[in-house]
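To start, the structure itself, in structure tokens.
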2 protein chains.
Amino acid sequence: MSRKSKTRYSILVMLSIEPMSGYDMKQFTKEVISNFWSESYGQIYTTLKTLIEEGLVTGKEIEEGKKPYKTVYEITSKGSRVLGEWLCEPISRQVPRDELSLKFFVGPLIPLEVSLQHILAHKEQQKKQLDKLKKAINRMEEEVPEEVPHKAYWITGSRLGILVREARLKWCDEMESLIRGKISKSKN
Amino acid sequence: MSRKSKTRYSILVMLSIEPMSGYDMKQFTKEVISNFWSESYGQIYTTLKTLIEEGLVTGKEIEEGKKPYKTVYEITSKGSRVLGEWLCEPISRQVPRDELSLKFFVGPLIPLEVSLQHILAHKEQQKKQLDKLKKAINRMEEEVPEEVPHKAYWITGSRLGILVREARLKWCDEMESLIRGKISKSKN
DNA sequence: CTAGATATATATCTAATAGATATATAAACA
DNA sequence: TGTTTATATATCTATTAGATATATATCTAG
């Protein structure tokens with residue numbers, strides 16, 4: 001079974017929303033789908049080349065005003081078919097690599113004050129992401145017209161991000177009280 | 001800033017618990033820390049070589065009975081120091097790559113029956129993991145002696161896995177009713 | 001008792017990925 | 001005016017995922 005790049009499909013997903021340049025795709029991952037996906041330039045530009053060779057995507061150069069050229073990519077009907085097939089395949093597990101959990105697996109090796117800092121930093125970060133997701137849902141509810149078939153999925157998708165971050169925040173509270181308990185015990 | 005392999009540190013973490021062979025480490029990731037970490041043989045054996053070169057780890061060949069030799073690795077004091085430094089560094093963000101979310105971002109392109117299958121499969125998988133984690137906590141509470149300083153961290157660590165999986169299960173319910181609603185609408 | 005499956009153990013290879021950097025122009029800014 | 005930020009593409013390397021190869025030992029079902 002030959003492994004298949006997921007970058008291929010993430011590009012097809014993005015182009016199924018609207019035509020974009022490689023730069024646009026990087027922005028899209030950063031601003032719209034950063035909640036659950038990430039791509040680097042290295043992945044985007046090299047994968048675009050193979051997608052064109054395979055006829056799943058076409059690119060045309062565009063010039064607007066004095067700006068330098070850019071290439072806007074579009075998904076082909078073959079590309080849509082390939083995307084459709086992949087969407088129907090079972091979801092493959094995501095490999096877990098949670099650095100926070102790895103570090104606290106040997107929690108006794110971390111000075112208590114540092115442990116506390118780790119937790120507080122994680123809390124802050126999760127809160128920020130939570131806030132961003134809630135705002136995104138509000139914006140979608142107001143601005144995306146009801147006729148857009150993606151709307152309900154986009155909102156529910158953001159809900160997953162919210163629920164997971166709320167869970168992590170709850171866990172941070174548990175870990176924080178474990179650590180604070182150990183700190184106060186150590187002061188006796 | 002040169003990138004540093006996280007496999008290095010995951011090996012040091014495992015060896016800080018107890019000496020192990022490469023094979024043991026693979027088993028350890030699969031059975032003990034699969035909740036939040038994963039390593040492949042390719043990573044383990046090649047990284048072990050560089051860790052030995054750097055003096056962070058030593059390996060000695062062992063023979064038990066008729067069994068073929070194996071090499072058991074131990075962390076050195078230098079290794080412990082390096083691990084301790086890494087444990088105090090801020091936690092770097094984990095790159096998000098959630099295939100389930102990516103697919104449902106273009107939910108309208110998936111046939112409703114297939115969407116339902118995806119959700120039901122994910123639900124099943126999360127339930128299994130949840131069950132495994134709950135059992136692991138029970139086992140730890142009973143079998144790990146109170147004097148082991150890691151105990152409270154191990155239990156709280158498993159709690160994170162539980163909370164996150166419960167959140168995902170709750171989301172599955174939301175997504176399931178969205179899809180079932182669309183299915184019944186489509187039958188009118 | 002024996003063929004096949006599973007567990008122990010190490011090693012290696014390739015495709016995929018993360019993250020950094022290089023390059024160049026245009027626009028914003030201070 | 002010089003500096004930073006945004007647009008845009010391209011490329012390179014270290015890291016990682018996943019597969020496969022090899023060999024022995026042990027378990028198990030016919």
Side-chain angles (χ1 to χ4, degrees), chain A residues 1-11 14 19-31 34 37-52 54 57 59-73 86 92-99 102, chain B residues 1-11 14 19-31 34 36-54 57 59-73 86 92-99 102:
Chain A
M1 199 69 81
S2 69
R3 269 197 303 157
K4 263 298 170 63
S5 157
K6 284 174 192 166
T7 301
R8 289 165 61 79
Y9 300 109
S10 76
I11 287 176
M14 286 189 269
M20 293 184 204
S21 69
Y23 181 78
D24 291 336
M25 289 178 210
K26 178 66 185 165
Q27 295 308 104
F28 195 87
T29 59
K30 239 166 67 182
E31 281 156 28
S34 66
W37 206 259
S38 138
E39 292 294 349
S40 72
Y41 285 123
Q43 294 161 64
I44 290 169
Y45 284 104
T46 52
T47 307
L48 275 170
K49 272 178 200 154
T50 66
L51 286 173
I52 284 175
E54 293 173 294
V57 154
K60 56 179 166 193
E61 294 201 7
I62 297 257
E63 49 198 316
E64 312 162 309
K66 296 165 230 175
K67 283 185 195 176
Y69 79 98
K70 71 169 169 180
T71 308
V72 172
Y73 298 89
W86 177 73
S92 58
R93 99 179 213 293
Q94 57 177 330
V95 305
R97 278 206 143 201
D98 186 337
E99 200 181 308
L102 181 62
Chain B
M1 198 70 81
S2 69
R3 271 197 301 156
K4 263 297 170 66
S5 158
K6 284 175 191 165
T7 300
R8 288 164 61 82
Y9 300 110
S10 77
I11 288 176
M14 287 187 270
M20 292 184 205
S21 69
Y23 181 80
D24 292 336
M25 289 179 208
K26 177 67 185 163
Q27 295 308 105
F28 195 86
T29 59
K30 240 165 67 182
E31 281 156 28
S34 66
F36 59 83
W37 205 259
S38 140
E39 292 295 348
S40 73
Y41 285 123
Q43 295 160 62
I44 291 169
Y45 284 105
T46 52
T47 308
L48 275 170
K49 273 178 202 156
T50 64
L51 287 173
I52 285 175
E53 275 169 36
E54 293 172 293
V57 153
K60 55 179 165 193
E61 293 200 7
I62 298 257
E63 49 198 318
E64 313 163 309
K66 298 166 229 173
K67 283 185 195 176
Y69 79 100
K70 71 169 169 180
T71 309
V72 172
Y73 299 90
W86 176 74
S92 58
R93 98 179 214 292
Q94 57 177 327
V95 304
R97 277 207 143 198
D98 185 337
E99 200 181 308
L102 182 62

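Throughout, protein chains are lettered first and strands after them, A, B, ... in sequence-line order, and every chain is numbered starting at 1. Values below: all heavy atoms of this structure, side chains included; hydrogens, waters and symmetry mates excluded.
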Residues E54(B), R8(B); criterion side chain to side chain contact (heavy atoms under 4.5 Å, CB included); working and verdict: CA-CA 11 Å; E54(B) 293 172 293; R8(B) 288 164 61 82; 2.8 Å; yes

Audit row: K49(A), Y45(A), side chain to side chain contact (heavy atoms under 4.5 Å, CB included) steps and yes/no: CA-CA 7 Å; K49(A) 272 178 200 154; Y45(A) 284 104; 5.9 Å; no

Candidate pair E61(A) and V72(A), rule side chain to side chain contact (heavy atoms under 4.5 Å, CB included), full reasoning: CA-CA 6 Å; E61(A) 294 201 7; V72(A) 172; over 6 Å; no

Stepwise side chain to side chain contact (heavy atoms under 4.5 Å, CB included) test for Y73(A) and T71(A): CA-CA 6 Å; Y73(A) 298 89; T71(A) 308; 3.6 Å; yes

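Judged by distance alone, the side chain of T50(A) and the main-chain N or O of T47(A) form a donor-acceptor pair under 3.5 Å. The closest donor-acceptor contact from the side chain of T29(A) to the backbone of K26(A) lies under 3.5 Å. At distances below 3.5 Å, not a single donor-acceptor pair connects side-chain atoms of S34(B) with backbone N or O atoms of E31(B).
A residue-by-residue look at V72(B) and T47(A) shows that V72(B) has its nearest nucleotide of DNA chain C further toward the 5' end.
Atom CD of Q94(A) and atom P of dT17(C) are 14 Å apart (whole Å). If you measure from atom CD1 of I11(A) to atom C1' of dT17(C), you get 13 Å, rounded to the nearest angstrom. Following rounding to the nearest Å, F28(A) (CZ) and dT7(D) (C1') show an atom-to-atom distance of 18 Å. In this entry the distance linking CD of E61(A) with P of dT7(D) reads 19 Å, nearest Å. What separates CD1 of I62(B) from P of dT10(C) is a distance of 11 Å, to the nearest Å. Atom CD1 of I44(A) and atom P of dT9(D) are 10 Å apart (whole Å). The CG-C1' distance, from D24(A) to dT9(D), rounds to 12 Å in whole Å.
Atom NZ of K60(B) sits about 12.5 Å away from atom NZ of K70(B), to the nearest 0.5 Å.
For D98(B), the side chain to side chain contact (heavy atoms under 4.5 Å, CB included) partners are F36(A), Q94(A), L160(A), L100(B), S101(B), R168(B), not counting sequence neighbours. Remark: K6(A) pairs with E99(B) by the salt bridge (charged side-chain N to carboxylate O under 4.0 Å, His left out) rule, at least two apart or across chains.
Dashed line: the shortest gap from a side-chain N or O of T71(B) to OP1 or OP2 of dA9(C) is not under 4.0 Å.
Residues in residues 39-48 of chain A take part in these salt bridge (charged side-chain N to carboxylate O under 4.0 Å, His left out) pairs, two or more places apart or across chains: E39(A)-R97(B).
An angle of 40°, rounded to 10°, separates the two end axes of the helix from dC1(C)-dG30(D) to dA30(C)-dT1(D), each defined over five pairs.
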Letter per nucleotide, 5' to 3', of nucleotides 10-15 of chain D [B base touched, S only sugar-phosphate touched, - untouched; heavy atoms, 4.0 Å]: BBBBBS

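Nearest nucleotide to the side chain of E39(B), out of dA17(D), dA18(C), dT10(C): dA17(D).
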Within the sub-3.5 Å range, which N or O atoms of nucleotides 5-7 of chain C have a protein N or O partner, and how far apart are they?
none

